[in-house]
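The next block holds one structure in the form of structure tokens; read it before the comments.
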Amino acid sequence: MIAVRVLYFASLRERLAVAEEQVQLAAGSTAADLIDALAGRNDLHRQAFADRSQLRIAHNRRFASADAALADGDEVGLFPPVTGG
């Protein structure tokens, strides 16, 4: 097992009513596995992660893809789609 620190930003933080948490995952997990685990928690999480196509992922403070391999102690930031003008 590995422990990953998850940081939620913008509307994800508001929707889930949490800024950060520790999540336990199986060794060899990826960022996509993390998101799958989070989405599987309950309906609120499932809805929050329903559209993953524009979800931005930061792995140890660098933008990364969903296939980024995670290790014990890593930090993963999750950012929803952002609009602006």
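All residue numbers refer to positions in the sequence shown, counting from 1.
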(message) Do L34 and L70 make a side-chain contact, defined as non-hydrogen atoms from C-beta onward lying under 4.5 Å apart?
(response)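 A side-chain contact exists here, since the closest heavy-atom pair is under 4.5 Å.
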
(message) Contact between R46 and L44 at the side-chain level, heavy atoms closer than 4.5 Å - yes or no?
(response)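 Counting from C-beta outward, R46 and L44 never come under 4.5 Å.
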
(message) Between R52 and D36 (salt bridge meaning N to carboxylate O under 4.0 Å), is one present in this structure?
(response)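 The answer is yes: the pair qualifies as a salt bridge.
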
(message) Tell me if the CZ atom of R41 is crowded by more than 12 foreign heavy atoms within 6.0 Å.
(response)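 More than 12 within 6.0 Å, yes.
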
(request) First locate atom CG of L12, then atom CZ of R56, and finally report the distance between them rounded to the nearest 0.5 Å. (result)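 Going from CG on L12 over to CZ on R56, the span is 13.5 Å.
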
(message) Measuring from atom CE of M1 to atom OG of S29, what distance do you get when rounded to the nearest 0.5 angstrom?
(response)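 Interatomic distance, M1 CE to S29 OG, rounded to 0.5 Å: 8.0 Å.
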
(request) Carefully, step by step, assess I35 and I57 under the rule side chain to side chain contact (heavy atoms under 4.5 Å, CB included). (result) CA-CA 10 Å; I35 295 166; I57 300 166; 3.8 Å; yes

For a quick test of reading the model, state the closest non-hydrogen atom pair linking [X] to [Y] and the distance between them.
X: H59; Y: A69; result: CE1-O, 3.3 Å
X: L25; Y: A37; result: CD2-CB, 4.1 Å
X: P80; Y: S11; result: CG-OG, 3.3 Å
X: A48; Y: L16; result: CB-CD2, 3.9 Å
X: F79; Y: L55; result: O-CD1, 3.2 Å

(request) Would you check, one step at a time, whether the test side chain to side chain contact (heavy atoms under 4.5 Å, CB included) holds for Q47 with R15? (result) CA-CA 10 Å; Q47 292 171 4; R15 185 175 216 170; 4.0 Å; yes

(request) Using atom types as modelled and distance alone, determine if a side-chain donor or acceptor of D72 lies under 3.5 Å from a backbone N or O of A3. (result)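 Such a contact is found between D72 side chain and A3 backbone.
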
(request) Would you confirm whether N60, through its side chain, and E75, through its main-chain N or O, come within 3.5 Å as a donor-acceptor pair? (result)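 Looks like yes, one N/O pair under 3.5 Å.
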
(request) Output, in order, the C-alpha distance, side-chain angles, deciding distance and verdict of side chain to side chain contact (heavy atoms under 4.5 Å, CB included) for L7 and V76. (result) CA-CA 6 Å; L7 305 175; V76 177; over 6 Å; no

(request) With sequence neighbours excluded, tell me which residues meet side chain to side chain contact (heavy atoms under 4.5 Å, CB included) with R13. (result)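 Per chain and number, R13 pairs via side chain to side chain contact (heavy atoms under 4.5 Å, CB included) with Y8, F9, A19.
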
(request) I would like to know whether V6 and L78 meet side chain to side chain contact (heavy atoms under 4.5 Å, CB included); could you show each step before the answer? (result) CA-CA 7 Å; V6 181; L78 299 174; 3.9 Å; yes

